[in-house]
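Structure first, then comments.
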Amino acid sequence: MNPSRDNTPFEDPRQQRAALRDLRDEDLIVLVQQGQKRAYDEIVSRYKGRLFSFIMRMVKDPALAEELTQETLIRVYIHAAKYREIARFSTWVFTIATNLVRNKMRQRSRRPLTISLNPAPEDDEMPVDPADPRADTSARIEREELGRLIAEATAKIPERYRVPFLLREVEQLSYEEIQQVTGLKLGTVRSRINRARTRFRLLIKPMLKNETLLAELEEIEARAAAEDNRPATDE
Amino acid sequence: MRCSKARDYLSRDIDGLLPPDATAGLLVHLDACEECRSFREDLQTGRRLLAATEPQLPDNFDWKLQLRLNQALQQRAGETAYPWLEDEPATRRGAWWPAFGAAASVGLAAVLAVAVFMGPQRGAPVMTAAVGPAPVVATAPANEPALAPSTTATSPAASLAGRSDRRSLFGAPRGGGLYDQGIGRSVATGARVAQPGAVIDRGWSGNRLEDLQTIQRLRERNDQLLRMVYQYEMQMRTLKARLDTTGTPNLDTGDNH
């Protein structure tokens, strides 16, 4: 790894960003290994949301999820030279994230802060509706309410099923990639995903009968589709 | 086909992993079984719900990331330049003893100081200096090879802060850090340092343009730091190679920590 300079053929940063956007993750990390800091920025922009989403659904704590997302991305930067293309880049990143999450959850379980009679003790760790400083639109509230319900349902899936389930459903990793991230056998990955799906279905069953929630879901999807179709603007 | 088998197939089918012959059997079962049709619909809606409720990152995520990266790189630079000063692993059994000893000494010193200054013999302040542990003087620059940068923390405050602060290359010990939470060994062990005026003069302002400029400054600084880390690593390798060829025995450069 030679971080000597940002040796890119593009003078214009916009042009450079556009060129980086077309590259595969595996090519970007090679550029990071060669010292191109903009390639790292592109990796961050591709992965920060995905990582946060995955970690948040694992730990249920926004501050901790943010911290672990940052730590994952920092490790990617500092240990970029260690990446070899024997596995997909996404597999490498999610392996780092999964290990961090597991370590954190193990630490938590070793030193329980409170004794609860609640059968779901993890619920105590969730802060109650943290205030959002951003725009308080009704769309956001709807989305957050639905998000809270889904987060609660996801959190009730046992961890050993939840990890492969989220890697498949949220991150859309292939079964082979999940096998690499978790170290499980392929058949175990498949059966755990299947069990988690069945469990998740039972947990969200009441929601699936709720017409209002389903209407909200459709609205959210329509808004997201409209945003996707909006022409992109460069910063 | 039994429903349990059909549901196993359904799970694979929505991932596109069901072989064609099994798909045909599944479709026959679905035609006849309303429960399993409902199961398939629920799985698909569950996926849509997960996709629609993806948690949103905070606005200042990039800024915090660059700040923490900055801290991690500073620490890495310090560890690379002075590997023999690296802290013992914090998890080592009995690692709390030195801290306990230091705290007890400080407490005892405080009690004696009160006794000396408030008691009848006001003119004997010598006691206070003699009781507590002697402050660790940052002797590192004198022992280090030429690669040590001139910005090493040698202020009295840094000296008093103890050995872990000697790993800081860029300023005084912590106290004004903007992001003080630990994030693991590579970032959180040892002292965390603030950089007076070096990287950012202010925090997150909420003003889009200003914040983008702050992030950009941090990025540039981090790029410099990374270069510095690699420069140190290269120098350290050269130094070790030279020591290996001259056959200097038993020189612990801290690699075993």
Side-chain angles (χ1 to χ4, degrees), chain A residues 1-4 6 35 37 41 44-45 48-49 52-53 56-57 62-63 65-71 73-75 77-78 100 103 133-134 143-144 146-151 153-154 166 168-170 174-175 190-191 193-194 197-198 200-201 204-205 207-208 213-214 216-217 220-221 224 235, chain B residues 4 7-12 14-15 17 38-39 41-43 45-62 64-73 75-76 179 181-184 186-188 206 208 212 215 219-220 222-231 233:
Chain A
M1 185 166 168
N2 172 23
S4 54
D6 228 0
K37 61 177 193 250
D41 295 340
V44 169
S45 74
K48 62 183 179 184
F52 182 71
S53 173
M56 176 68 187
R57 285 182 158 129
E66 192 186 344
E67 184 185 315
L68 293 176
T69 306
Q70 284 167 0
E71 187 175 350
L73 291 168
I74 286 171
R75 288 190 183 198
Y77 189 70
I78 288 183
L100 286 172
N103 288 343
R134 290 172 289 179
R143 194 175 179 284
E144 281 181 358
L146 194 58
R148 195 177 58 77
L149 292 169
I150 294 297
T154 315
L166 290 176
R168 176 66 214 153
E169 296 293 67
V170 179
S174 71
Y175 282 39
R190 202 165 52 207
S191 72
I193 291 173
N194 189 19
R197 278 177 175 152
T198 309
F200 185 61
R201 178 195 176 235
I204 61 168
K205 193 76 183 161
M207 270 187 251
L208 299 177
L213 277 179
L214 291 177
E216 271 175 29
L217 172 63
I220 291 168
E221 286 175 335
E235 278 173 4
Chain B
S4 58
R7 287 175 189 195
D8 179 35
Y9 278 8
L10 272 173
S11 181
R12 280 196 261 168
I14 65 168
D15 290 329
L17 296 172
S38 156
F39 184 87
E41 259 176 43
D42 292 350
L43 288 190
T45 314
R47 271 193 157 183
R48 287 170 56 202
L49 281 167
L50 280 170
T53 54
E54 200 166 275
Q56 298 292 297
L57 272 170
D59 286 343
N60 59 358
F61 180 85
D62 284 328
K64 282 190 194 168
L65 174 66
Q66 293 299 329
L67 261 186
R68 293 180 75 163
L69 192 54
N70 190 267
Q71 289 172 340
L73 286 169
Q75 183 149 345
R76 177 87 183 265
Y179 203 92
Q181 297 301 311
I183 61 161
S186 67
V187 181
R208 183 175 153 77
L212 283 174
I215 290 171
R219 279 185 178 138
E220 281 162 14
N222 289 342
D223 192 38
Q224 287 168 7
L225 273 170
L226 189 66
R227 283 183 217 168
M228 199 182 282
V229 167
Y230 282 98
Q231 198 183 335
E233 282 181 356

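Each chain gets a letter, A, B and so on, in the order its sequence line appears, and its residues count up from 1. Just so we're clear, the structure is a prediction, and the values are computed from it rather than from any experiment. Below, all heavy atoms of this structure are taken into account, side chains as well, without hydrogens, waters or symmetry copies.
- Here the closest heavy-atom approach between residue A/N194 and residue B/S11 is recorded as OD1-CB, 3.4 Å.
- Across A/I220 and B/A52, no two heavy atoms sit closer than the pair CG2-O, 3.6 Å.
- Separating the CD1 atom in A/I74 from the CG atom in B/N70 is a distance of 10.0 Å, to the nearest 0.5 Å.
- Contact of the B/D62 side chain with the A/K48 side chain is registered, since non-hydrogen atoms from C-beta on lie closer than 4.5 Å.
- Only the side chain of A/L214 comes within less than 4.5 Å of a heavy atom in chain B; its backbone stays farther off.
- When heavy atoms are compared at a cutoff of 4.5 Å, B/D15 approaches chain A by way of both its backbone and its side chain.
- Looking only at side-chain heavy atoms (C-beta outward), A/L73 and B/L69 stay at 4.5 Å or farther from each other.
- Only the side chain of B/L17 has a heavy atom closer than 4.5 Å to any heavy atom of chain A.
- Interface residue A/R201: only side-chain heavy atoms are found under 4.5 Å from chain B.
- Rounding to the nearest 0.5 Å places CG of B/L57 at 10.5 Å from CE of A/M56.
- Looking at A/D41, only its side chain comes within 4.5 Å of chain B, counting heavy atoms on both sides.
- The structure places CG of B/L49 at 6.5 Å from CG of A/L208, a figure rounded to the nearest 0.5 Å.
- Residues B/G46 and A/I204 share a closest heavy-atom pair of CA-CD1, 3.7 Å.
- Atom-to-atom distance recorded for A/Y77:OH and B/L65:CG is 10.0 Å, nearest 0.5 angstrom.
- A/T154 touches chain B through its side chain: at least one heavy atom from C-beta onward sits under 4.5 Å away, while N, CA, C and O do not.
- With hydrogens and angles ignored, the 3.5 Å screen pairs no side-chain donor or acceptor of B/R7 with any backbone N or O of A/T198.
- Side-chain atoms of B/F61 and A/Q70, non-hydrogen and from C-beta on, do get closer than 4.5 Å to each other.
- With A/R197 as the fixed residue, the side-chain contact (heavy atoms from CB on, under 4.5 Å) test singles out one of B/D42, B/L10, B/L43: B/L43.
- Residue B/E41 places its CD atom among 12 or fewer non-hydrogen atoms of other residues, nucleotides or ligands, all under 6.0 Å distant.
- Using a 4.5 Å heavy-atom cutoff, the side chains of B/K64 and A/T69 are not in contact.
- Looking at B/Q66, only its side chain comes within 4.5 Å of chain A, counting heavy atoms on both sides.
- B/R47 has its side chain within reach of A/R168: a pair of non-hydrogen atoms, C-beta onward, lies under 4.5 Å apart.
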